[in-house]
K.L.:
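Please find one structure pasted underneath; my questions will follow.
Counting convention: from 1, in listed order, for ligands and their atoms alike. All values below come from the heavy atoms of this structure, side chains included, with hydrogens, waters and symmetry mates left out.
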Amino acid sequence: MKKIVIFASGTGSNALKIIEHFKKKSVGKVVLVVSNKKNAAVLDKAQQHNIPTLIINRTSFYKSESFLEVLKEYEADLLVLAGFLWLVPAYLVKAYPQKIVNIHPALLPKFGGKGMYGMNVHRAVYEAKETQTGITIHYVNEQYDEGAIIFQATCALTPEDLPEDISSKIRVLEHGNFPRIIEEIVKNYKLE
Ligand code: GAR
């Protein structure tokens with residue numbers, strides 16, 4: 001059973017889908033939810049499922065490597081970013097090579113990079129008058145949204161789709177795909 005740690009900064013609708021998915025599976029389990037925001041709604045969702053939560057502090061997360069001790073304590077196998085807005089520090093990428101996965105609400109390499117999260121992405125897609133958009137699930141490296149792509153799914157857009165409509169279409173794609181792609185990753189996991 002692989003141990004999954006979720007990182008999330010906001011609502012946590014994806015985190016919840018992942019938690020629920022793995023409650024029904026024996027290949028993996030969410031063991032910890034980490035957030036940089038102490039009032040993030042994702043924390044309540046985790047607590048309702050009796051999953052431990054941890055709030056991280058910018059200084060200790062970036063200026064020391066003490067966070068690695070926490071991950072060791074939870075025996076983390078896979079780190080999943082589900083709406084986590086901080087850049088992953090280099091020491092973490094190095095300690096978990098190809099073991100950190102992010103979801104991005106657009107078709108990377110389009111609409112990625114610093115500041116491109118949530119509604120900012122959907123507004124940019126809207127302003128660019130894109131006729132399609134989608135989601136990207138990818139490994140995390142030291143740059144925002146640049147790691148190797150694992151999976152993409154697309155949806156069509158009409159000229160009537162406002163940023164809120166784009167957001168709804170993306171949610172459907174995310175919730176329908178992210179948990180099952182994580183399951184695939186966990187199943188194909190190479191033991192060292
Ligand atoms: C998701 O749409 C995710 O793709 C996005 O944040 C949202 C979190 O929603 N991530 C990024 O934009 C990362 N650059 P949620 O809290 O409801 O899961």
K.L.:
Report the nearest protein non-hydrogen atom to atom 15 (P) of ligand 1: residue, atom name, distance rounded to 0.1 Å.
P.N.:
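Checking every protein heavy atom, the shortest distance to atom 15 (P) of ligand 1 gives S13 N, 3.4 Å.
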K.L.:
Can you find a heavy atom in the side chain of Y139 that is under 4.5 Å from one in the side chain of K99?
P.N.:
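No - every pair of side-chain heavy atoms lies 4.5 Å or more apart.
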K.L.:
Check each of Y74, Y62, F61 against F67 using the ring pair (Phe, Tyr, Trp, His ring centres under 6.0 Å) test, and report the only one that passes.
P.N.:
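Only match with F67 under ring pair (Phe, Tyr, Trp, His ring centres under 6.0 Å): F61.
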K.L.:
Any idea which protein heavy atom is nearest atom 9 (O) of ligand 1, and the distance to it?
P.N.:
R171 NH1, 3.4 Å
K.L.:
So is A8 touching ligand 1 or not, going by heavy atoms under 4.0 Å?
P.N.:
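It does not, in that no heavy atom of A8 comes within the 4.0 Å cut-off of ligand 1.
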K.L.:
Considering only heavy atoms, which of K114, K17, M116 lies nearest to atom 14 (N) of ligand 1?
P.N.:
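Result: the heavy atom closest to atom 14 (N) of ligand 1 is in M116.
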K.L.:
Looking at ligand 1, does any of its N/O atoms fall within less than 3.5 Å of an N/O of D145?
P.N.:
no
K.L.:
At less than 4.0 angstrom from any non-hydrogen atom of G83, what atoms of ligand 1 do you find?
P.N.:
6 (O), 8 (C), 10 (N)
K.L.:
May I ask you to check whether F7 and W86 place their ring centres under 6.0 Å from each other?
P.N.:
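Here the rings of F7 and W86 have centres that are no less than 6.0 Å from each other.
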K.L.:
If we only count heavy atoms from C-beta on, is the L81 to V101 side-chain gap below 4.5 Å?
P.N.:
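L81 vs V101: side chains apart.
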K.L.:
Does the N or O separation between G10 and ligand 1 drop below 3.5 Å for any pair?
P.N.:
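It does not: no N or O of G10 is found under 3.5 Å from an N or O of ligand 1.
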K.L.:
Quiz question: by atom type and distance under 3.5 Å, do the side chains of E146 and N141 form a donor-acceptor pair?
P.N.:
no
K.L.:
Between the candidates H104, E174, H122, which shows the shortest non-hydrogen contact distance to atom 4 (O) of ligand 1?
P.N.:
E174
K.L.:
Given side chain to side chain donor-acceptor pair (under 3.5 Å), test S66 with S64 step by step and report yes or no.
P.N.:
CA-CA 6 Å; S66 59; S64 81; 2.9 Å; yes
K.L.:
Who's the nearest protein heavy-atom neighbour of atom 13 (C) of ligand 1, and how far?
P.N.:
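Result: I103 O, 3.9 Å.
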K.L.:
Is a donor on one side and an acceptor on the other found under 3.5 Å between the side chain of T11 and the backbone of S13?
P.N.:
no
K.L.:
Mark up the atoms of ligand 1 that fall under 4.0 Å of a heavy atom belonging to T11, in ascending order.
P.N.:
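The atoms of ligand 1 under 4.0 Å from a heavy atom of T11 are 16 (O), 17 (O).
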K.L.:
Tell me, which protein residue and heavy-atom name are nearest atom 16 (O) of ligand 1, and how many Å apart are they?
P.N.:
G12 N, 2.7 Å
K.L.:
Decide salt bridge (Lys or Arg N to Asp or Glu O under 4.0 Å) for K169 and D161; before the verdict, give the C-alpha distance in whole Å, the side-chain angles of both, and the deciding distance to 0.1 Å.
P.N.:
CA-CA 10 Å; K169 288 184 172 182; D161 282 328; 2.7 Å; yes
K.L.:
Roughly how far, to the nearest 0.5 Å, is CD1 of I166 from CG of L162?
P.N.:
8.0 Å
K.L.:
Purely on distance, is any nitrogen or oxygen of N14 under 3.5 Å from one on ligand 1?
P.N.:
yes
K.L.:
Output the list of atoms in ligand 1 that are nearer than 4.0 Å to some heavy atom of G118, sorted by atom number.
P.N.:
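With G118 as reference, the close atoms of ligand 1 come out as 12 (O).
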K.L.:
Checking N36 side chain against I56 main chain: does a donor-acceptor pair fall under 3.5 Å?
P.N.:
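Between the backbone of I56 and the side chain of N36 there is no qualifying donor-acceptor contact (under 3.5 Å).
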K.L.:
What protein heavy atom lies closest to atom 11 (C) of ligand 1? Include the residue and the distance to one decimal.
P.N.:
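The protein heavy atom lying closest is P105 CD, 3.5 Å.
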K.L.:
Please determine whether any non-hydrogen atom of V121 lies less than 4.0 Å from an atom of ligand 1.
P.N.:
no
